[in-house]
Engineer: 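Got a structure for you, written out below as structure tokens; questions coming shortly.
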Protein chains: 2
Amino acid sequence: MDKTASTPQALRRTNLKAVLEVMRDAGAMTGTDLIEATGLTRATVIAVCDDLIRRGWVRELEGERSSGTQKGRPARRFEFNASAGCVLGLDVGLATVTVLVAGLTGQILGRAAERFSKTADEAGRRTTIARTTDRALAEAGLPHSAVLAVGIGLSTAVDRHGNITKGLQLSEHFDIGLQTELWQEHGWPVLLENDANLAALGEHWCGVGAGVDDLAVMLAGERLGTGLLESGRLLHGSNGGAGEVGTLELVDGVGSQDGIARLARHWGTAALAEGKPTLIRDLVGPHTARVSARFVFEAAAKDDPVAQEILERIGRRMARVISLLGTFLNPELVVIGGAVSASATALLPTINAELPRLTGTPPRVAVSELGDAIVATGAVRLALAYVEDNALALTPAGAGQGAGL
Amino acid sequence: MDKTASTPQALRRTNLKAVLEVMRDAGAMTGTDLIEATGLTRATVIAVCDDLIRRGWVRELEGERSSGTQKGRPARRFEFNASAGCVLGLDVGLATVTVLVAGLTGQILGRAAERFSKTADEAGRRTTIARTTDRALAEAGLPHSAVLAVGIGLSTAVDRHGNITKGLQLSEHFDIGLQTELWQEHGWPVLLENDANLAALGEHWCGVGAGVDDLAVMLAGERLGTGLLESGRLLHGSNGGAGEVGTLELVDGVGSQDGIARLARHWGTAALAEGKPTLIRDLVGPHTARVSARFVFEAAAKDDPVAQEILERIGRRMARVISLLGTFLNPELVVIGGAVSASATALLPTINAELPRLTGTPPRVAVSELGDAIVATGAVRLALAYVEDNALALTPAGAGQGAGL
DNA sequence: GAGTTTAAATTTAGACACTAAATCAAATGG
DNA sequence: CCATTTGATTTAGTGTCTAAATTTAAACTC
């Protein structure tokens, strides 16, 4: 029952894949380039390319020859067909849904976001997700048939097979038929993954963690989740609970599931209640006692001591989590991302001061620059990985390439 | 520079490997069995087997036919040649070296252990290691030339490429030329790995963690190290420091690098110094104030309250580490192994009582049954993995198979 | 502009590995 | 002894690759 054995056709499949892989991250190439890159013969390379063109994954560039020498017969130029289809990357959060449409090399072609109505039930949320997706596709000018895969980030534990884990008490109920009901008619492959894990994929792909194969990303906002990359691979653990530090019991109380935003609000509100003199009061205004995290960061930036004290407490808390991460996983870099990443730079001095006190081998710490799109970006990467792994089994339904024999 | 492409010969290599893999963990097989298992044609299967026999990895069984039907032409029977060579698994600890000799299916063929002289320098320790290895090989009745690979477990951080990491301040200095100088003359491939990581490999292979792909093994003795297996793969982190919780700062002081044995001794000594009435005193005897961990466990087994209190403190401490492991890595099972594993069962009640208090999703906890050989067993597994990955590139120098055409 | 040079593409011959089907081989059983 | 059964081997055919010879398409040269 093993069926790992090979036939001559498998050979071709291997070479098709090898050539396609090279072309994907090298742009336009000539046959000679591919010989150099793959070690195959010219005859084979050309045959493989023709094969890929017939399948729609590669197109031939007409027109002027490439740079370099001008002598000799002009080389045919082949290019990975980035518009042989597209993928969708979704961030389905508690309150909002964000959709990115990307071409097969990752170019963003469209985007849309929408808030869920607070009264929506499961069907209502599905409708919102479908509508937002359609808007993003419309912006990209692509039909539904162009979509080859969909990656979705959720604020819940997802195991390594893409199944939502029951029994891990994370935030809300996310098992709302995203795979089964939502896009049934289109037959899209839908891949689910934890949002923090996708944040890690995103940072590893095109963020400050690019090229760092041992990476942890703390997705900090209302919640606190961690995405862990070891040797370039995501860690899930037996139930997809790896990195779900939401339930971590820390030294300084306050509750257990709190992300940065929630902490800032909590301590900010407390400071106001105690009647401390602070800029936070002026920023919040007279109308409400609700302190948003933004105001605390803003006040701290203006040298307000109460706000700065709050940031220090948050920073020490983060440093504690980072030191534990460093001890158990020894990442090279820890990236802070999520809703508060815009202001998180203010936490860095405290964190960097605290870390060496907690561990002898502190990791580097950086703040994400992907902003709100961090999870959706990772979702795109997840979908692309699926397409890359299954390219030869999929049928590209591209935007207008002839399907000649 | 990619060279991932394939030639027709690579096809054969793939099939050789597939067949060899099947035969390795299925015992003697007929051609028909292999057809079933691999999906290849009879002609191919036989050709591949003949090829493997010529290379020395497989031998043909003469004599009576296998069970089952007695009709028809008797099938040739092929078997993975477990004595086409052997591997060595070493546990090079602070005070002792342990060597296992194993055949290619993991059968233990010889073993030896020796204490290092306390005054030995690097060369002296190398001599001890070489002598112990020779004794183990002699017990197995195998020549040096039979060794195909050597796995070595060290109490120090080793990165995923098998290099000892400088700058991670673990116990002692282990970079004593094990790869470069020790067995230079034999040309053995020497693979280094952290001891706790090997303990995890060992448990996953043939311990209580057999078949559990998300596994953590706490190697607890004088030191405390953790080996982490996620999805069946070892985690190293960027510097091989993953799981090195030795430097973890815990709540209840006492120092940071302490394993179970050291803690038991420390607290036991303290109790005696305070003059508490305890059985430990009787067990230690009048001659020395040195309390070994064994006495504490023994006293606790005899219902001594002071000793039991010490075990509770140790248990709570372990539970704390396990809960953190569970939070960050979400293993299915945590195994306690190492020097104290014999007595560690006494800690289980405390740990299991404490865990649910610390985390909502506690992992299962078990005690290793591999005893002193836990690291060396993992080292054997490491060496076997190397041989399996490189079988077709290696030359089996087996114990007496004819080298036909 | 005809011939030369150059680099790329294609063709051809040969090798290797596989499948499928026919044939050969070695046992059992009436 | 011969049919039956099962496994091994051979043969013919196909797919894939390499290596070398040949063809093609441009630029360069005189």
Side-chain angles (χ1 to χ4, degrees), chain A residues 2-20 28-55 58 60-79 392, chain B residues 2-20 23 28-55 58 60-79 392 405:
Chain A
D2 226 325
K3 314 291 178 194
T4 49
S6 292
T7 65
Q9 289 84 336
L11 235 194
R12 188 45 160 283
R13 226 175 3 253
T14 305
N15 284 336
L16 283 169
K17 205 162 186 170
V19 170
L20 192 58
M29 299 185 84
T30 68
T32 308
D33 294 337
L34 287 166
I35 292 169
E36 165 70 17
T38 63
L40 294 166
T41 311
R42 165 159 264 118
T44 306
V45 161
I46 297 295
V48 165
C49 283
D50 285 340
D51 212 338
L52 287 170
I53 289 172
R54 212 162 359 88
R55 288 163 181 259
V58 164
E60 190 168 349
L61 296 178
E62 319 287 340
E64 77 285 358
R65 55 168 55 187
S66 69
S67 60
T69 178
Q70 291 297 102
K71 289 183 275 191
R73 176 175 176 173
R76 293 170 70 185
R77 291 169 66 218
F78 306 99
E79 187 185 52
L392 300 180
Chain B
D2 226 324
K3 315 290 180 196
T4 51
S6 292
T7 67
Q9 290 84 332
L11 235 194
R12 186 48 157 276
R13 234 186 343 264
T14 305
N15 285 335
L16 284 167
K17 205 162 186 170
V19 169
L20 194 58
M23 289 182 51
M29 299 183 86
T30 68
T32 309
D33 294 338
L34 287 167
I35 291 168
E36 166 70 17
T38 63
L40 294 167
T41 312
R42 165 159 262 119
T44 306
V45 162
I46 298 295
V48 165
C49 283
D50 285 340
D51 211 340
L52 287 170
I53 289 172
R54 212 162 357 91
R55 289 163 181 259
V58 164
E60 191 169 348
L61 297 179
E62 318 287 338
E64 76 286 356
R65 55 170 55 184
S66 69
S67 62
T69 181
Q70 290 296 102
K71 291 183 273 191
R73 173 174 178 173
R76 293 170 70 184
R77 291 169 64 220
F78 306 99
E79 188 185 53
L392 301 179
L405 167 87

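In what follows, chains carry the letters A, B, and so on, assigned in the order in which the sequence lines appear, proteins first and then strands, with residues in each chain numbered from 1. This one's a predicted model, so the numbers in the text were calculated from it and none came from an experiment.
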Engineer: Among D33(B), N15(B), V19(B), find the residue that satisfies the side chain to side chain contact (heavy atoms under 4.5 Å, CB included) test when tested with T38(B).
Structural biologist: V19(B)

Engineer: Could you pull out the protein-nucleic contacts involving nucleotides 17-19 of chain D (nitrogen or oxygen on both sides, under 3.5 Å)?
Structural biologist:
from    : atom 1 : to     : atom 2 : distance (Å)
dC17(D) : OP1    : N15(A) : ND2    : 2.3
dC17(D) : OP2    : R12(A) : NH1    : 3.0
dT18(D) : OP2    : T41(A) : N      : 3.2
dT18(D) : OP2    : T41(A) : OG1    : 2.6
dT18(D) : OP2    : T44(A) : OG1    : 2.6
dT18(D) : O5'    : T41(A) : OG1    : 2.9

Engineer: Could you give all pairs that pass the salt bridge (Lys or Arg N to Asp or Glu O under 4.0 Å) test and reach residues 39-49 of chain A, with sequence neighbours left out?
Structural biologist: none

Engineer: Test of understanding: with side chain to side chain contact (heavy atoms under 4.5 Å, CB included), list the residues that count as partners of E60(B), not counting sequence neighbours.
Structural biologist: I53(B), R76(B), F78(B)

Engineer: Tell me the interatomic distance from D50(B), atom CG, to dG7(D), atom C1', rounded to whole angstroms.
Structural biologist: 13 Å

Engineer: Where do R77(B) and A28(B) come nearest, in terms of heavy atoms and distance?
Structural biologist: NH2-CB, 4.1 Å

Engineer: In this structure, how many angstroms lie between the C1' atom of dG7(D) and the CD atom of E36(B), rounded?
Structural biologist: 16 Å

Engineer: Quick one: on DNA chain C, does Q9(B) or T32(A) contact a more 5' nucleotide (nearest heavy atom)?
Structural biologist: T32(A)

Engineer: Applying side-chain hydrogen bond (donor to acceptor under 3.5 Å, both in side chains), can you list everything that pairs with R13(B), at least two apart in sequence or on another chain?
Structural biologist: none

Engineer: Which heavy atom in K17(A) sits nearest to a heavy atom in L392(A), and how many Å separate them?
Structural biologist: N-CD1, 4.2 Å

Engineer: Could you check how far CZ of R13(B) sits from P of dC16(C), rounded to whole Å?
Structural biologist: 14 Å

Engineer: Rounded to whole angstrom units, what separation is found between the CD atom of E62(A) and the P atom of dA26(D)?
Structural biologist: 12 Å

Engineer: Over how many whole Å does the gap from R76(B) atom CZ to dT9(D) atom C1' extend?
Structural biologist: 11 Å

Engineer: Could you list all N or O pairs between the protein and nucleotides 22-24 of chain D that sit under 3.5 Å apart?
Structural biologist:
from    : atom 1 : to     : atom 2 : distance (Å)
dT24(D) : O2     : R73(A) : NH1    : 3.2

Engineer: Using side chain to side chain contact (heavy atoms under 4.5 Å, CB included) as the criterion, list what pairs up with T44(B), not counting sequence neighbours.
Structural biologist: L40(B), T41(B), V48(B)

Engineer: Rounded to the nearest 0.5 Å, how far does CG of D51(A) lie from CD1 of I46(A)?
Structural biologist: 12.5 Å

Engineer: Of all residues at least two apart in sequence or in a different chain, which pass the side chain to side chain contact (heavy atoms under 4.5 Å, CB included) check with T7(A)?
Structural biologist: Q9(A), A10(A)

Engineer: Expressed in angstrom and rounded to an integer, what is the separation of D33(A) atom CG from dA9(C) atom P?
Structural biologist: 10 Å

Engineer: What is the separation between atom CG on D51(B) and atom P on dT9(D), rounded to the nearest whole Å?
Structural biologist: 14 Å

Engineer: Compute the angle between the rotation axes at the two ends of the helix from dG1(C)-dC30(D) to dG30(C)-dC1(D), each taken over five pairs, rounded to 10 degrees.
Structural biologist: 30°

Engineer: Does any non-hydrogen side-chain atom of L11(A) lie less than 4.5 Å from one of P8(B)?
Structural biologist: yes

Engineer: What closest approach, in Å, do G31(A) and V45(A) show between heavy atoms, and which atom pair accounts for it?
Structural biologist: O-CG1, 4.0 Å

